[in-house]
Amino acid sequence: MRKAIGLVGLTLFLLLLSFLAWKVLVSPATTPIEGTASVASLEKVELGGLEQWVLMRGSDTTNPVLLWLHGGPGAAQMPVARYFNGVLEEEFVVVHWDQRGAGKSNSRHFDEKTMTFGRFLADAHELTQHLKKRFDKRKIFLLGHSWGSYLGIKLAQQYPEDYHAYLGVSQVVNSCKAGEVAYSWLLQQLEARQATHDLNKLQKLGKPPYPEHDQYVRFMGLVDDYGGGMDVGVTQLAFIALRAPEYRLADYPAWVEGAIRGSGPMWDETKTYDLAKEVPKVQVPVYFFMGENDYNTPVAVLREYYRTLEAPGGKRLVVFEHAAHTPFMAAPEKFNREVLRVKAATLPNAQSP
C-alpha cells in the first residue's frame with residue numbers, strides 16, 4: 001500500500017515538474033491550425049509606443065476578421081477564450097489582444113499613467129488598421145465585452161468605415177443607473193437570504209455611485225458573490241488558463257495583477273459614462289448580447305438605451321437566459337451561434353469581406 005502511494009506521489013511530482021518546465025523553458029506559442037490558408041500566430045505589435053501582445057487564429061485567412069476587446073480594463077481573455085469560443089476560428093480570423101496593462105502586455109515596467117481612455121481608443125484604432133492591412137480587409141468585425149464594450153462602441157461611432165458590425169457583450173451604458181439597479185437587486189438578495197454580515201457590508205458602503213474605485217470593487221464583489229457577475233468561478237478559469245500555451249509562468253502574475261488593477265488609474269475619467277449622451281447614434285449594424293442575470297451591466301439599463309439608440313444599419317438585442325456578465329462562458333454554444341448569425345446577416349451587405 002505504501003509503495004503504491006509512493007508511486008502515485010512520484011508520478012504527480014514528475015507531472016508537476018514537467019508542467020513547470022514547459023511553462024518556464026518553452027517559448028510561448030499558439031497551437032498550429034492545419035491548412036495552407038490558416039493562421040495561428042502570437043505576436044507583439046507596437047501600439048501607442050508600447051509593445052502589446054496579439055493572438056490571431058483562423059482556419060482560413062479569407063474569412064472576415066473578428067477583433068475581440070476584453071473587459072476590465074485588465075481582464076485579458078487570451079488564455080481562456082479558446083476553451084469557450086474556439087469554434088469561431090472556423091468562420092473568422094479571431095483576434096484576442098492583451099491591452100496595455102493586461103496579461104502579457106502588463107510588463108514589470110508598465111506605466112499606469114498611460115492608462116487613459118484616449119490612449120486605449122488610439123491603440124484599438126491602430127490595431128484595427130494593422131489587422132486590415134495584415135489580412136487585406138476593407139472592414140473587420142468588432143466585439144467588445146464589458147469595459148471593452150465601452151471602448152468598442154466608441155470605436156464604431158468614430159470609425160464606422162472600419163467595421164462590418166459592432167457586437168456589444170454585457171454592454172456598459174450608464175454607470176449611475178447600473179449602480180442603482182444593482183444596489184436594489186443586491187439589497188433584495190441579502191434581505192431574502194438574511195445575510196446579515198454582507199448586509200452590514202453593503203450598508204457601510206452606502207448607495208452608489210462611489211467616488212473611490214476601491215468602494216466600487218467591494219460593491220461588485222458582493223454582486224458577484226450573489227450571482228450577478230461572473231458565470232464561471234475563478235478556480236475553474238485558473239485551471240483553464242494554466243493550460244494555455246500562449247502564456248508562460250511569468251505571465252500569470254501579470255494577468256492577475258492587471259485584472260486586480262482594473263480601471264483604478266482611470267477611475268475619475270470613466271466612472272460617469274452615459275452612452276445616451278455620448279453615443280446617441282452608430283452608423284454600423286449594432287448587436288447587443290446581454291445576460292439576463294447580469295447586475296454588473298444590467299439588461300434593464302441597456303433596454304432603455306436600446307430604445308433611443310439610432311442605428312441606421314440596424315440593431316438587435318439578444319438576451320441569454322441563465323447567464324450573467326459572461327454569456328460567452330455561461331452559454332458558449334448559443335453565443336457562438338449568435339455571432340455566426342451576425343456574420344451571415346451583415347456580410348452580404350458589406351462592400352468586401
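The analysis underlying the following values was restricted to heavy atoms, covering all of them including side chains, and did not include hydrogens, waters or symmetry mates.
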Please table the atom pairs, donor to acceptor, closer than 3.5 Å between any side-chain atom in residues 272-283 and protein atoms at least two apart or in another chain.
unit_1: Asp274; atom_1: OD1; unit_2: Asn174; atom_2: ND2; d: 3.3
unit_1: Asp274; atom_1: OD1; unit_2: Ala276; atom_2: N; d: 3.2
unit_1: Asp274; atom_1: OD2; unit_2: Asn174; atom_2: ND2; d: 3.4
unit_1: Glu278; atom_1: OE1; unit_2: Tyr150; atom_2: OH; d: 2.7
unit_1: Glu278; atom_1: OE1; unit_2: Lys154; atom_2: NZ; d: 2.9
unit_1: Glu278; atom_1: OE2; unit_2: Asp274; atom_2: N; d: 2.9

Name every donor-acceptor pair, under 3.5 Å, that has one atom in a side chain of residues 190-200 and the other anywhere in the protein, sequence neighbours excluded.
unit_1: Arg193; atom_1: NH2; unit_2: Gln189; atom_2: OE1; d: 3.1
unit_1: Asp198; atom_1: OD2; unit_2: Tyr226; atom_2: OH; d: 2.5
unit_1: Asn200; atom_1: ND2; unit_2: Thr196; atom_2: O; d: 3.3

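Here Lys315 pairs with nothing under the salt bridge (charged side-chain N to carboxylate O under 4.0 Å, His left out) rule; sequence neighbours left out. Residues satisfying the ring-ring contact (aromatic ring centres under 6.0 Å, His included) criterion with Phe120, sequence neighbours excluded, are Trp147. Here Asp98 pairs with nothing under the salt bridge (charged side-chain N to carboxylate O under 4.0 Å, His left out) rule; sequence neighbours left out. By the side-chain hydrogen bond (donor to acceptor under 3.5 Å, both in side chains) test, Thr31 pairs with no residue at all, sequence neighbours left out. In this view, Asp231 satisfies the salt bridge (charged side-chain N to carboxylate O under 4.0 Å, His left out) rule with no residue, not counting sequence neighbours. For Tyr210, the ring-ring contact (aromatic ring centres under 6.0 Å, His included) criterion is met by Phe219, not counting sequence neighbours. With sequence neighbours excluded, the residues forming a salt bridge (charged side-chain N to carboxylate O under 4.0 Å, His left out) with Glu91 are Lys343, listed by chain and number. Partners of Thr128 according to the side-chain hydrogen bond (donor to acceptor under 3.5 Å, both in side chains) rule, which considers only residues two or more places apart in sequence or in another chain, are Tyr163. Residues satisfying the side-chain hydrogen bond (donor to acceptor under 3.5 Å, both in side chains) criterion with Glu304, sequence neighbours excluded, are Lys177.
Under 4.0 Å is where a charged nitrogen must lie from a carboxylate oxygen, and between Arg82 and Glu246 at least one such pair does.
No more than 12 heavy atoms of other residues, nucleotides or ligands sit less than 6.0 Å from atom OH of Tyr83.
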Could you give me the CA-CA distance, side-chain angles and deciding distance for Glu338 and Arg316, then say whether salt bridge (Lys or Arg N to Asp or Glu O under 4.0 Å) is met?
CA-CA 11 Å; Glu338 290 295 341; Arg316 182 165 177 259; 3.0 Å; yes
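Pairs of residues two or more places apart, or lying in two chains, that qualify as ring pair (Phe, Tyr, Trp, His ring centres under 6.0 Å) and include a residue from residues 48-74 are Trp68-His96, Trp68-Phe328, Trp68-Phe335.
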